[in-house]
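A short worksheet on the structure shown next.
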Amino acid sequence: SYCSLSLRNNVDKQFYTLMLMCVLVMPNLLMFLKSLWKCVFKSYVAPNPRTLGIMCGIESLVAVGTAILVLIVMPKLDVLTNLSIPGGICILSAVLQIAFRLQTQSWMILYPICSLILVLSGYVLLVVDYYVRESSYVPGQVEGCYIYVGIAIFATLLVSLNWWENPFQASTNIQEMLSELDTFRDAIYLFTSLIRIALTLGVYFLYYCLIVEADARINWDAFTKASKGTVEIGLGLFFLQAFCSAACHWFGVVACKIHSMTFAFALPVSLTGPATLILGMILSGDNFTVKTPFWPFCHELETLKDVNTTPVVMLEISYSICKTSLNNPNAMWPFSMLALEGVCMWLGLVSCTYYVWRIKVQRIERTSQLFVRRLYESAFIDLSMLLNTKMKAVRTANKESGNDEVENCVIYLCATMWHETYDEMLKIMTSMFRLDRYRGDPKEEHKDCFDFECHIYVDDGFMIEKDTEKKLVNTYVCDLIQVIMEVYRVFTNKEPDEVSIIETPYGGRLVIVMPEGNMLYIHIKDKELIRNKKRWSQIMYLYYLLGWKGYNVKNPQKITRQNNPSRASLISLDGESYLLPSYDNDSKRRHISDENTYIMALDGDTDFHPAALILLVDRLRMYDTVGAACGRIHPTGMGPMVWYQKFEYAVGHWLQKTAEHVFGSVLCSPGCFSLFRGSALMDDNVLKRYTTKATRASEYVQYDQGEDRWLCTLLLQQGWRVEYNAASDAFTNSPQEFKEFYNQRRRWGPSTLANTLDLLHSGKDTVKRNTSISMLYILYQTFTVASSILGPASVTLMVAGAFQFVFGIEGTLSIIIAVVPPAVYMLICFLAKPNFQITIAAILSVIYAFLMTASFFSIIGDMVKQETFITPTGLFLVSGAILYMVTAILHPQECTLIIYGLMYFICIPSGYLLLTIYSLVNMHIVSWGTRESNKAKEQKKQVGAVCNRDCKMCCWDVKIQVTQETENLVLQQIQQAVNPNTPAAKTEPEEPKAQSNHDVQNSLDANKHILDYIEEMPHWVEPVKKEFLKKLTYANLKRNLQEQIRYTLRNKNQEDLCEELVLILTDTLNEELRDKVGPEDVLSVSQLEELQYALNEAARRIVKTNRIENGAQRLERRVKRAIERTLVAPQVEKLSEDEHDFWNKLIERYLLPIQDNKAHLEEVTRELKSLRNKAVFLYFIINVLWIVATFFLQAIGTDVLSINIPKYYPNGTLAPDPLRVEPLSLMFLLSFALLLIIQFLAMLYHRVYTLIHVVSYRSTEKDYKEKDEEDEEEGLILGNPVNLTVTADDL
């Protein structure tokens, strides 16, 4: 029987059906392209034949079901039935949910049971409704149409197979096959999307060519005969549907990622069906006057069948509705069947996907963690998105949620310092203290699930005092101590509480507890004991933090009872004694894998906010394959050199870094602000290879001139991915002087080229090992390297063009003139000293800048003269300017940097021609050239250093007047507190008054790890300790005590008590000390003891008189602890034997100071010069060939060898003379333009995903999880098999 629900003629019907088929094919085509992209650009893993067979079978059934339902059945049924039927595609999901019991709570099984009952009821009502229509003689019914109802039900069952994976993934069934499927999902989709396209086409042609009635079969001429109105409506609806369904899918994913699951995803998608119905009714009411008895209106529709304008859509919908029971002239009740069917199907879908409303999304989620399939179904976009959402809530019940919970991580912030200024140190210290405040107390949980430690490695931190030959810390370390104290005061208004000074095999270490309780370690390196420079500092902290600390916390060292150094550091397990990790973080590290241990590499002048760090942590948490992530580096400073760098960095990050991130992997994660994964650094051939000492010339260039780039090259070759996050901002000082800038780039240029060539050389192996890198990406990098090698020639030709424009010189002559300055400069570089080379470069840069400015205005003038900007130069300049403007606008926080673009433009010859020549010719110089310290200056500075006993303040050239008696007394007391067994230090006028042993033994430091058995304290310890002892002067004690009490009782709702304590304890302090000590005198140990006793008594009385109902004891303990912290002196501690051995072995193996003999140094210099000559020759030849080729093409003349481009005026008219362009220049221009466009598209893609990440971060920003009052016993929970807690009483 032939059912038709359309007033259109056969030609129109065929065209619309073709469009419908294209709608079905569209998402499969997109899926094919995406999978092809991933297989080509990322990695192709050959699928398992069995899994491929199963997947192809299921996808084939789904494709056939979808094609039958949409192309064959739906055109035969009315629009209201078509709106209801798809609800049935959730039936398989409901059945599997019941079968696998995938509910967090047992009563929730009612949801899928209700869904199943509702869908089956909907099917029954559908059949009954069609039976009633025929039996009650609704006008226009054709007998036998109900066969299509049966086919429709069968087709929905086939379509429901589409989401079989979701319940299986949530359950524990066939997990092996599913995890295997994840490894080659892209390859599977590559095949299945093609199969689905083929089967959709197959069903379409099979049915409409062979099965359907003869007059409805495809007539190939009909497509050309379709009216203009039909074509417009058909194509319009097709593009609208294709775009809207793809956009709906994408926005749905975005809504989930930015934590708007309920209101921006679940609610709108669930209400799509009812909303469509209501919208249809409103639009019908607007287009046609619908009267209460429906059948007269339906009768009138027949007269409108020839209409072919936009209302035709509404006409067709209305005519379709006329075929339902609504058009029954006898009774209206049968229509309630159809309405009830719709309600049943919709409720069935909503109850089947109840879990979508309950899903908790982590801050940053991969699409594959949110949705099972990458594909959406364009015919059922709303249903497919609901059914495709992963059943995450379910997995929690099955204890499978490990993958979805954010695991805790430990971050080690490691800053390397090399001769930083006071202001630069201030930046890094402020950043670290900011993070301390953001994280809060390490004993409390934090929403970002991280703990951190700060480590600062100071290179070259010691000096020999001229007069006494004592080894003391130098002025840089003195500055650092001053900075720490200043920043501590800014954040807390008091001096550091707990400070430890430790002698180590590499020099010394200061351990400082930051205000919130997080740890700060200062490692002071002695270049006579350990290798200096940044790479060796990195190796030092990587082995220490990942190797020693990682091993030590997971394998507590067993010790014998006899050597029991202190009860506080031990815990007994079955009669065995173990040394506990010293600080809280170490015990936490025990449960954290190396995958979740991160190293944050910083420079000594980096300035960043906690959000920047957390955004990088998100990247590493999101993808297991990411070994490193870097942020957006902003150069700071003043002057023209900084302006140039600001735009250079901006363009580098906006376009180059984003393109690397999108198409493959970032090649360089800068050492000033990068986060590395511990397990990636510990991988084979990464850390071990990174310790290689450079012996050959090429190694000096690759290994030591740009160590961060080499480390990233090693990570990439090992298969790790390096990512870039544009929202993670960090600020670092950049060279402000021309000389410093040239020296920095002299290091970076050859190192960048060496590492990129190394990566390209091992391209095939890297592609096999690294899923992020493809041969196409290697090709892209080859192209960028080639264009950078041709940079000098291109700039020379650009300068020649400027001569042509500005002075009207002939093409060939302008090339000859342009070649002279770089050739002369190259000779100067070979013959003169580096300083003279830089002076000449600076002079030439200024001349070139004037020329570039003149040529810029000449090009604009030429465009005005020619009356068109469509010349190759004009087009390039205008399109380039527009592209950079748009890029800047898309970075709203940085768009002002476009102002520096002009500065960058006029400095192109200096940056790409002179700098290239300078860095290549001076490749054999391997010193850093930046921050080189002046030894003479250093010696002068030493006079006023803290190490001199006359001076109390680090590196201030001031002699503070202190009486000899007071100073000697203080020194003796300090020495006695540290070492009671040795006699007091001999001083010029000998003071007999030393502290008694009894006083020292009972001192407040007795239960600390104080080093009371040092035979001989190093000279540098004393002055450093003296600096920190200033907290114990009368003046400072008063302020410290007040602030400590306020800080301890914050957030405890005890403001009145707090102020009373501050007032009375200050009075007690004044009473105790008023006439005994001067304001700048450091208190002796006995005075501190007496003071502590008096303060504790006063505190106890106050707490008692206030009669606090709950927690009086706890509050008293808090206050006592605050008093103790205020009065504690800096500790001089000793390294544990094991750690001492570790450092000795590490230094012996990798870090002994390099002492190359003269012969070896001469050999290396000779090799470096030889390498330099080869590199310069290669560069020279390639660039000369390019210039010569251009010169001869110019000489031959544009008449013989040129490409004619039609010239248009701005009004669109064609000019009589075409533009003649020589082919080589055009080819280079086009390839450069293509590179820019590729980078621009990558930037657009990256911007969108950066925005999603930032929005999702903002919605979950910092949130402390406050501890319960009950849990405040300051218990240290240990991760051992027996649940033991060490409380304050035990300690």
Side-chain angles (χ1 to χ4, degrees), residues 27-28 30-45 47-48 51-52 55 58-59 93 162-171 174-193 246 248-259 261 265 269 353 355-356 359-377 384-396 400-407 595 618-626 629 661-662 665 721 723 771-772 1245-1246 1248-1249 1252-1253 1256:
N28 294 296
L30 291 174
M31 189 67 246
F32 174 73
L33 293 173
K34 187 171 182 178
S35 301
L36 189 67
W37 163 272
K38 294 222 170 188
C39 287
V40 171
F41 267 110
K42 306 292 178 187
S43 67
Y44 174 77
V45 180
N48 174 341
T51 312
L52 180 64
M55 289 297 288
I58 294 169
E59 295 287 328
S93 183
N162 205 4
W163 298 279
W164 67 274
E165 231 185 299
N166 201 351
F168 274 100
Q169 276 193 7
S171 74
I174 61 165
Q175 287 302 306
E176 199 177 323
M177 177 189 155
L178 291 173
S179 54
E180 184 188 39
L181 175 62
D182 280 334
T183 58
F184 45 70
R185 202 174 277 277
D186 292 313
I188 293 252
Y189 283 151
L190 201 63
F191 291 109
T192 55
S193 53
C248 175
H249 175 254
W250 189 78
F251 280 112
V253 173
V254 171
C256 295
K257 287 188 173 186
I258 62 171
H259 302 216
M261 282 293 283
F265 178 74
V269 175
T353 55
Y355 55 85
V356 173
I359 285 178
K360 286 184 175 66
V361 182
Q362 300 302 343
R363 175 162 61 236
I364 182 164
E365 288 271 29
R366 297 167 65 173
T367 312
S368 60
Q369 289 168 335
L370 293 167
F371 298 99
V372 179
R373 298 167 57 78
R374 299 216 181 102
L375 195 59
Y376 63 92
E377 299 299 321
S384 74
M385 288 187 72
L386 284 173
L387 290 165
N388 198 21
T389 309
K390 272 197 178 178
M391 298 179 185
K392 282 197 173 190
V394 167
R395 208 174 303 171
T396 318
E400 290 282 314
S401 61
N403 306 329
D404 299 323
E405 295 300 315
V406 169
E407 289 185 47
E595 281 74 27
D618 284 344
R619 298 306 309 176
L620 269 72
R621 273 187 175 146
M622 191 175 173
Y623 296 104
D624 297 338
T625 53
V626 175
H661 174 99
V662 171
S665 174
R721 175 172 165 75
E723 289 203 344
T771 54
S772 301
Y1245 177 85
H1246 195 266
V1248 171
Y1249 283 92
I1252 291 170
H1253 189 177
S1256 69

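From a predicted model like this one, the values you see are computed outputs, not experimental measurements. For reference, positions follow the sequence shown, starting with 1.
The two atoms that bring I1252 and V254 nearest to each other are CD1-CG2, 3.6 Å, heavy atoms only. Contact detail for Y355 and L386: the closest heavy-atom pair is OH-O, 3.8 Å. When all heavy atoms of Y189 and S193 are compared, the pair lying nearest together is O-OG, 2.6 Å. For the residue pair S171 and Q175, the shortest heavy atom distance occurs at O-NE2, 2.7 Å.
Formation of a donor-acceptor pair under 3.5 Å by the N166 side chain with backbone atoms of L387 is found in this model. Between the side chain of R721 and the main chain of H661, a donor-acceptor pair closer than 3.5 Å is present. No donor-acceptor distance shorter than 3.5 angstrom exists from the side chain of D186 to the backbone of C39, with no hydrogens or angles considered. Within the 3.5 Å criterion, the main-chain N or O of N162 finds no donor-acceptor partner in the side chain of E59. Side-chain atoms of S35 never come within 3.5 Å of backbone atoms of F32 as a donor-acceptor pair (strictly under, hydrogens ignored).
The shortest distance between side-chain heavy atoms of E723 and L620 does not fall below 4.5 Å. With contacts defined as side-chain heavy-atom distances shorter than 4.5 Å, the pair T389/L370 does not qualify. You'll find the side chain of W37 stays beyond 4.5 Å of the side chain of L33, heavy atoms only. Side chains of Y376 and C248 form no contact here, defined as non-hydrogen atoms less than 4.5 Å apart.
Rounding to the nearest 0.5 angstrom, the gap separating the CG atom in D182 from the CD atom in Q169 is 6.0 Å. Rounded to the nearest 0.5 angstrom, H1253 NE2 and I258 CD1 are separated by 13.0 Å. Between M177 atom CE and E165 atom CD the span is 7.5 Å, to the nearest 0.5 Å. Atoms CH2 and CE, on W163 and M391 in that order, are 12.0 Å from each other to the nearest 0.5 Å. Here the OG1 atom belonging to T353 is positioned 12.0 Å from the CG atom belonging to N388, to the nearest 0.5 angstrom. With rounding to the nearest 0.5 angstrom, the NE2 atom of H249 is 10.5 Å from the CZ atom of R374.
The aromatic rings of Y1249 and Y1245 sit tilted, their planes meeting at an angle between 30° and 60°.
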* **Check against side-chain hydrogen bond (donor to acceptor under 3.5 Å, both in side chains), S368 and K390** => CA-CA 9 Å; S368 60; K390 272 197 178 178; 6.0 Å; no

* Take F265 and V356 through the side chain to side chain contact (heavy atoms under 4.5 Å, CB included) test and state the conclusion after the steps. => CA-CA 9 Å; F265 178 74; V356 173; 3.7 Å; yes

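Contacts of F184 classified as ring pair (Phe, Tyr, Trp, His ring centres under 6.0 Å), with partners at least two apart in sequence or in another chain: none.
Counting non-hydrogen atoms of neighbouring residues, nucleotides and ligands closer than 6.0 angstrom, the OH atom of Y623 exceeds 12 such neighbours.
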